[in-house]
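Everything below concerns the one structure shown next.
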Number of protein chains: 2
Amino acid sequence: MASTIPLPRQQRLLQLLRLAEGELSAQELHQRLRDAQQGTGLATVYRGLKLLQQAGLVRCRKLSNGETVYAPLERDEHHLICVQCGSSQPLPLCPLGTSSLGLNAVLLQGFRPLFHTFEIHGLCSRCQQVEVGLDG
Amino acid sequence: MASTIPLPRQQRLLQLLRLAEGELSAQELHQRLRDAQQGTGLATVYRGLKLLQQAGLVRCRKLSNGETVYAPLERDEHHLICVQCGSSQPLPLCPLGTSSLGLNAVLLQGFRPLFHTFEIHGLCSRCQQVEVGLDG
DNA sequence: CCCAAGAGTGAGAATGGTTGTCGTTCTAGC
DNA sequence: GCTAGAACGACAACCATTCTCACTCTTGGG
Ligand SMILES: [Mn+2]
Ligand SMILES: [Mn+2]
Ligand SMILES: [Zn+2]
Ligand SMILES: [Zn+2]
């Protein structure tokens with residue numbers, strides 16, 4: 001196997017993600033490396049993130065504004081996402097429980113799962129109020 | 001309520017989505033309208049899709065290549081998505097069953113759900129083979 | 001009818017996150 | 001040391017989406 005032991009550059013990315021409060025975008029990671037005098041090309045950050053993803057160490061999701069945010073695989077978080085304003089708040093619920101239940105080999109058909117995304121899209125309470133306000 | 005009755009322009013978008021085999025991107029919808037001599041500005045397609053989404057008639061998800069694909073809300077489909085090549089194949093499994101089970105008001109806290117996304121990311125069988133091939 | 005106000009529209013420019021390019025640098029192995 | 005190949009970084013290119021703004025359509029009062 002080639003990519004099971006990430007190189008030091010990628011270890012640093014993983015460390016930053018684990019230290020971070022929430023999810024970080026590639027550009028935020030790039031900035032944090034810069035702040036720590038560990039300048040790195042943005043392309044390298046993207047390359048490292050892709051490898052970490054394929055190694056099963058990092059997961060990601062795409063925000064509605066187009067940017068991708070990354071987090072350690074072990075942090076199993078999901079969100080309520082507003083289709084109006086794009087804000088997202090934590091959703092303390094995972095459809096797979098802790099175990100990867102329900103994912104029997106029959107369904108996967110040779111596919112090797114690494115991580116999952118589960119998000120509920122709708123209207124946040126603030127955007128619902130605005131909507132009502134326009135009517136009255 | 002203002003937006004519960006979509007305008008004809010948006011009805012046409014919804015119709016195209018319902019007729020389509022799979023999910024369609026905004027640009028594909030724009031093209032189909034053009035093909036049907038119903039020229040429409042691309043901006044209008046995007047505007048209509050956003051309204052249909054907020055009206056609870058259309059759902060969407062972001063592909064790894066950056067484009068967003070749309071489908072009628074009633075079509076409840078999920079996917080296995082390869083982090084290497086970006087391909088996605090159907091996953092005949094929904095974590096919410098048919099009912100919106102598990103989504104009690106306590107968790108939602110005033111958030112009004114419209115649709116959900118659930119995707120499993122990993123390596124498709126083809127990309128696993130390539131990986132092995134490089135080792136040998 | 002006529003007109004004005006507001007909503008809706010469309011063509012094209014602007015945006016911006018991500019990916020590609022390619023010359024340079026680093027790392028092993030000899 | 002020296003060389004082949006991998007890794008890297010600065011910058012250009014890409015492209016889906018959003019923004020802009022002038023134009024058109026609708027509608028209701030005069
Ligand atoms: Mn989960
Ligand atoms: Mn579902
Ligand atoms: Zn909102
Ligand atoms: Zn693949």
Side-chain angles (χ1 to χ4, degrees), chain A residues 1-14 23-55 58 60-70 81-86 88 121 131 134-135, chain B residues 1-14 23-55 58 60-70 81-86 88 121 131 134-135:
Chain A
M1 292 182 247
S3 59
T4 47
I5 305 174
L7 301 174
R9 205 65 81 98
Q10 292 153 42
Q11 287 287 7
R12 186 75 180 102
L13 286 174
L14 184 55
E23 301 156 294
L24 294 179
S25 69
Q27 313 234 21
E28 285 167 337
L29 281 165
H30 179 242
Q31 185 59 50
R32 296 201 181 194
L33 287 172
R34 172 174 291 267
D35 292 347
Q37 259 77 46
Q38 302 185 241
T40 303
L42 187 53
T44 300
V45 173
Y46 279 107
R47 285 188 279 245
L49 286 170
K50 182 155 196 177
L51 291 173
L52 284 169
Q53 221 174 308
Q54 292 173 20
V58 161
C60 72
R61 69 180 176 113
K62 284 195 170 305
L63 303 184
S64 50
N65 67 13
E67 66 184 2
T68 307
V69 290
Y70 301 82
I81 301 169
C82 182
V83 297
Q84 174 90 41
C85 69
S88 65
H121 304 252
E131 193 178 349
L134 288 177
D135 285 350
Chain B
M1 292 184 244
S3 58
T4 48
I5 304 175
L7 299 175
R9 203 65 81 97
Q10 291 153 42
Q11 287 286 7
R12 186 76 180 100
L13 285 174
L14 185 55
E23 301 156 294
L24 294 179
S25 69
Q27 314 236 20
E28 284 167 336
L29 281 165
H30 179 242
Q31 186 58 51
R32 295 200 181 194
L33 287 172
R34 173 175 290 267
D35 292 346
Q37 259 76 48
Q38 301 185 242
T40 303
L42 187 54
T44 300
V45 173
Y46 279 107
R47 285 188 280 245
L49 286 170
K50 181 154 197 178
L51 291 173
L52 284 169
Q53 221 174 306
Q54 291 171 21
V58 161
C60 71
R61 69 179 177 114
K62 284 195 170 304
L63 303 184
S64 50
N65 66 15
E67 66 183 3
T68 307
V69 289
Y70 301 82
I81 301 169
C82 182
V83 298
Q84 173 92 42
C85 69
S88 65
H121 304 253
E131 193 178 350
L134 288 177
D135 286 351

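In the text below, chain A, chain B and the rest are named by the order of the sequence lines, each starting its count at 1.
- With sequence neighbours excluded, no residue forms a ring pair (Phe, Tyr, Trp, His ring centres under 6.0 Å) with A/H30.
- Protein atom CD of A/E67 is 13 Å distant from nucleotide atom P of C/dT19, rounded to whole Å.
- Listed by chain and number, the residues in a side chain to side chain donor-acceptor pair (under 3.5 Å) with A/E67 amount to none (sequence neighbours excluded).
- Counting non-hydrogen atoms under 4.0 angstrom, B/T68 reaches the backbone sugars and phosphates but no base.
- Rounded to an integer number of Å, the gap from CG of B/L42 to P of C/dA11 is 10 Å.
- As judged by a 4.0 angstrom heavy-atom cut-off over every strand, A/T40 is placed among residues touching the sugar-phosphate backbone only.
- Evaluation of the side chain to side chain donor-acceptor pair (under 3.5 Å) rule for A/R12 yields A/Q15, A/Q38 as partners, not counting sequence neighbours.
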Anything under 3.5 Å between a protein N or O and an N or O of nucleotides 20-28 of chain C, put it in a table, one pair a line.
none

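- In this structure, CZ of B/R9 is placed 13 Å from C1' of C/dA7, rounded to the nearest angstrom.
- You can see that DNA chain D meets the heavy atoms of chain B within a 4.0 Å-exclusive cut from D/dA16 to D/dC19, reading 5' to 3'.
- In terms of position along DNA chain C, the nucleotide closest to B/G41 lies nearer the 5' end than the nucleotide closest to the other residue of the pair B/S64 and B/G41.
- Side chains of A/T40 and A/L13 form no contact here, defined as non-hydrogen atoms less than 4.5 Å apart.
- Toward the 5' end of DNA chain C, the nearer of the two residues A/A26 and B/G39, judged by each one's closest nucleotide, is B/G39.
- When the side chain to side chain donor-acceptor pair (under 3.5 Å) test is applied to A/S64, no partner is found at least two apart in sequence or on another chain.
- Atom NZ in A/K50 sits about 10 Å away from atom C1' in C/dT19, given to the nearest Å.
- With sequence neighbours left out, the side-chain contact (heavy atoms from CB on, under 4.5 Å) criterion links A/A43 to A/R47.
- Per the geometry, NZ belonging to A/K62 stands 11 Å off C1' belonging to C/dT19, to the nearest Å.
- Judged as a side chain to side chain donor-acceptor pair (under 3.5 Å), and not counting sequence neighbours, the contacts of B/D35 are B/Q31.
- With values rounded to the nearest 0.5 angstrom, A/Q53 atom CD is found 10.5 Å from B/Q84 atom CD.
- Annotation: of the two residues near DNA chain D, A/H30 and B/Y46, the 5′-most nearest-nucleotide partner is A/H30.
- Between B/R34 and C/dG10 there is no side-chain polar atom (N or O) within less than 4.0 angstrom of OP1 or OP2.
- Every residue meeting the side-chain contact (heavy atoms from CB on, under 4.5 Å) condition with A/R61, not counting sequence neighbours, appears here in chain and number order: A/E23, A/L63, A/V69, A/H79, A/I81, A/S88, A/T117, A/E119.
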